[in-house]
Visitor: 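Attaching a single structure in structure tokens format; questions to follow.
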Amino acid sequence: MNNYKLETYLNTLLSAKKIKDYCPNGLQIEGKTEVKKIITGVTASMELIEKAIDYKADALLVHHGYFWKGENEKVIGMKRNRFKALLSHDINLYAYHLPLDVHPTLGNNAQLAQLLNLDIIDGLSAGDPLSIGNIATTKAPISAADFAKLVSDKLNRQVLLEAAGPEYVNRIGLCTGGAQDYIEQAHARDADLYITGEVSERTIHSARELGIHFISAGHHATERYGAKALGEYLITELGLDVTFVDIDNPA
Ligand SMILES: [Zn+2]
């Protein structure tokens with residue numbers, strides 16, 4: 001598939017133009033014209049670029065690309081090494097940040113909800129189909145400790161639980177990645193528990209003072225599933241050769 005056509009396809013699929021973001025979404029670095037083999041992953045780190053080179057991929061498709069608002073814009077050091085590796089191997093870099101969080105089926109939030117056997121009932125901001133984060137329900141009331149254990153088992157990593165809410169949980173606020181500051185929004189939507197990737201010192205106090213359970217399950221661990229699901233979708237819909245590569249990250 002032509003590299004620009006693939007960008008147009010992905011932009012449409014992920015409603016990329018409708019979502020305000022902290023980085024440009026779509027084709028961030030241009031490589032060869034024809035794309036057949038794609039590596040998907042969470043972050044366009046050097047390790048993932050090297051996997052793409054080994055695999056002779058025509059494109060890398062990630063959730064965390066480059067050109068973040070406020071970062072040093074100079075192409076020096078680590079950034080130069082990454083750009084050089086991509087450009088010298090003619091590898092296209094496609095990055096979708098918030099569009100890949102919020103997609104109703106392929107997005108990180110939808111995929112995490114599915115993995116945890118939750119039913120999404122609304123956006124974290126009520127009625128917004130492109131809301132960053134969601135409100136979901138468990139199939140049956142469950143204790144916060146049992147729910148935290150389920151998350152640990154499913155993500156294969158020990159999660160952090162601050163148990164500060166009711167005895168049983170049913171209504172869950174969720175947002176993958178570094179969304180700890182949406183805890184107040186989750187509380188305002190009557191969530192019993194809020195789950196995200198990262199935690200800050202202040203988040204624990206918020207949980208205690210609001211009376212809401214809080215789970216931090218890892219930024220990487222909660223955002224592994226969108227890029228993977230998108231890749232599987234591209235195999236089915238476009239017949240492309242797509243492989244997901246997980247570069248483990250404890251954060
Ligand atoms: Zn993220």
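It should be emphasised that the depicted structure is a prediction, and the values quoted were computed from it without experimental measurement. Order of appearance sets the numbers: ligands from 1, and atoms from 1 within every ligand. Start at 1 with the first residue, then count along the sequence. For the numbers below, each heavy atom of this structure counts, side chains included, while hydrogens, waters and symmetry mates do not.
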Visitor: Under 4.0 Å between a side-chain nitrogen and a carboxylate oxygen: does that hold for Glu232 and Lys228?
Guide: yes
Visitor: Protein N/O/S atoms under 2.8 Å of the Zn ion (ligand 1)?
Guide: His64 NE2, His219 NE2, Glu223 OE1
Visitor: Indicate the ring-plane relationship of Tyr66 and Phe83, choosing parallel, tilted or perpendicular according to the 30° and 60° boundaries.
Guide: tilted
Visitor: Which class fits the ring pair His97 and Trp68: parallel under 30°, tilted 30 to 60°, perpendicular over 60°?
Guide: perpendicular
Visitor: Counting only N and O atoms by type, is there a donor-acceptor contact under 3.5 Å from the side chain of Asp241 to the main-chain atoms of Lys36?
Guide: no
Visitor: Salt bridge check: are Asp190 and Arg171 linked by an N-O gap of less than 4.0 Å?
Guide: no
Visitor: Using a strict cut-off of less than 4.0 Å between a Lys/Arg side-chain nitrogen and an Asp/Glu carboxylate oxygen, indicate whether Asp181 and Arg202 qualify as a salt bridge.
Guide: yes
